[in-house]
Amino acid sequence: MADMGAFRDAVGGWANGGSGEPASELAERLGVRTAVLLEGPSDLAAVEALAARRDRDLAAEGVAAVSMGGAMSVARYAALLGPPGLGLRLTGLCDERERPYYDRGLQRSGAADSAVFVCVSDLEDELIRALGTARVEEIVETEGDLRPWQTFLSQPAQHGRPRHQQLRRFLGTKKGRKIRYGHLLVEALDTDRAPAPLDELFAGL
């Protein structure tokens, strides 16, 4: 049975030069009505984790969260999924520094009125602030990453930096770590205390 993962894969293939027919067929079969444009897989992991925490079945609601592999791809994805393509309602989540890519891409696709929710630095930073650095360090230790964390802190470049900045940088130092912690940090949240950009995104779905 087709699922939203198959739709995401079909959209990714389309964005990379393949046919749009599989994505179109799956969108119709699955009843997709909204696409959430996300910069990368760690954002997708966080969105899916929060949906589970809040007992939201996004697929059943016709919502597809799509990882684009970087904000510079937003124009391409908006053209495929928005008014020029499948005609889906678009929304998204991005970092402040990437907001111009979203603005230009959505405008070019005729979806300039789409709601985009902005993280000041990035989503990991928002999650660290929501949980507090002490709680995040507890999670790092529980996950068996205490030794790498301590090694990271001993680096001269980290001396004197605020703890939340150190944690944010640490999450990006190993492939796959941001994705894993995107899920873990959301799992640790009180469901009614999600960072504002995530909370506002879900409120609009």
Side-chain angles (χ1 to χ4, degrees), residues 1-95 98-99 101-119 123 176 178-180 182-187 189 191 194-195 197-205:
M1 183 177 180
D3 60 15
M4 206 58 80
F7 174 72
R8 282 197 290 261
D9 289 343
V11 170
W14 190 12
N16 286 312
S19 169
E21 187 173 343
S24 180
E25 291 177 353
L26 284 166
E28 184 174 356
R29 190 185 314 169
L30 297 169
V32 182
R33 60 176 183 80
T34 299
V36 183
L37 303 180
L38 302 170
E39 292 186 45
S42 62
D43 299 327
L44 177 59
V47 167
E48 290 186 327
L50 187 58
R53 292 289 313 280
R54 292 185 171 181
D55 295 320
R56 295 279 300 270
D57 186 341
L58 297 183
E61 297 174 26
V63 176
V66 178
S67 169
M68 302 181 296
M72 287 185 289
S73 298
V74 68
R76 175 66 171 156
Y77 277 81
L80 298 180
L81 299 175
L86 299 185
L88 305 179
R89 170 179 171 255
L90 301 179
T91 185
L93 184 74
C94 70
D95 306 342
E98 311 295 2
R99 179 64 187 266
Y101 292 113
Y102 273 70
D103 288 343
R104 288 194 297 268
L106 291 168
Q107 185 173 14
R108 285 169 54 187
S109 71
D113 59 344
S114 300
V116 175
F117 302 96
V118 181
C119 302
L123 184 53
K178 283 180 69 173
I179 300 172
R180 182 160 61 96
H183 180 89
L184 290 168
L185 298 184
V186 170
E187 282 287 311
L189 286 171
T191 55
L198 262 184
D199 203 37
E200 291 164 2
L201 171 67
F202 271 78
L205 294 178

Can you check side-chain contact (heavy atoms from CB on, under 4.5 Å) on F117 and T91, steps first, answer last? CA-CA 8 Å; F117 302 96; T91 185; 3.6 Å; yes

Report yes or no: is the cationic atom of R104 (NZ for Lys, CZ for Arg) closer than 6.0 Å to the six-membered ring centre of Y102, at no more than 45° off its axis? no

Side-chain touch L80/L86, heavy atoms, less than 4.5 angstrom: no

Heavy atoms of L189 and A194 approach each other most closely as CD1-CA, 4.0 Å

Compare all side-chain heavy atoms of P197 with those of V118 and state whether any distance is below 4.5 angstrom. no

Given the rule in the side-chain contact (heavy atoms from CB on, under 4.5 Å) test, do L50 and L201 qualify, once you have shown the distances and angles that lead to the verdict? CA-CA 11 Å; L50 187 58; L201 171 67; over 6 Å; no

Donor-acceptor contacts under 3.5 Å from residues 30-42 side chains, at least two apart:
{"residue": "R33", "atom": "NE", "partner": "E61", "partner atom": "O", "Å": "2.9"}
{"residue": "R33", "atom": "NH2", "partner": "E61", "partner atom": "O", "Å": "3.4"}
{"residue": "T34", "atom": "OG1", "partner": "R89", "partner atom": "NH1", "Å": "3.3"}
{"residue": "E39", "atom": "OE2", "partner": "D95", "partner atom": "N", "Å": "2.7"}
{"residue": "S42", "atom": "OG", "partner": "E124", "partner atom": "OE2", "Å": "3.0"}

From D199 CG over to R54 CZ, what is the distance, rounded to the nearest 0.5 angstrom? 4.5 Å

To the nearest 0.5 Å, what is the distance between CG (D3) and CZ (R29)? 10.5 Å

Please name the pair of heavy atoms, one in T191 and one in R53, separated by the smallest distance, quoted to 0.1 Å. CG2-NH2, 3.2 Å

Between CG on residue L44 and CD1 on residue I179, distance to nearest 0.5 Å: 9.0 Å

Sequence neighbours excluded, the answer for side chain to side chain contact (heavy atoms under 4.5 Å, CB included) partners of A52 is none

Sort and list the pairs that fulfil side-chain hydrogen bond (donor to acceptor under 3.5 Å, both in side chains) and have at least one residue in residues 107-117, not counting sequence neighbours. none

Could you give the distance from OG (S24) to CG (L81), rounded to the nearest 0.5 Å? 11.0 Å

Between A6 and L26, which heavy-atom pair has the shortest distance, and what is it? O-CD1, 3.6 Å

I'd like to check the side chain to side chain donor-acceptor pair (under 3.5 Å) partners of R180; sequence neighbours left out, ordered by chain and number. E143, D145

Could you walk me through whether R56 and V63 pass side-chain contact (heavy atoms from CB on, under 4.5 Å), step by step? CA-CA 10 Å; R56 295 279 300 270; V63 176; 5.8 Å; no

Atom CZ of F7: over 12 foreign heavy atoms under 6.0 Å: yes

Pairs in or reaching into residues 9-20: which pass side-chain hydrogen bond (donor to acceptor under 3.5 Å, both in side chains), with residues at least two apart or in two chains? none

Sort and list the pairs that fulfil side-chain hydrogen bond (donor to acceptor under 3.5 Å, both in side chains) and have at least one residue in residues 62-87, not counting sequence neighbours. none

Under a 4.5 Å cut-off applied to non-hydrogen side-chain atoms, are E98 and V74 in contact? no

L58 CG to E48 CD distance, which is reported to the nearest 0.5 Å: 8.0 Å

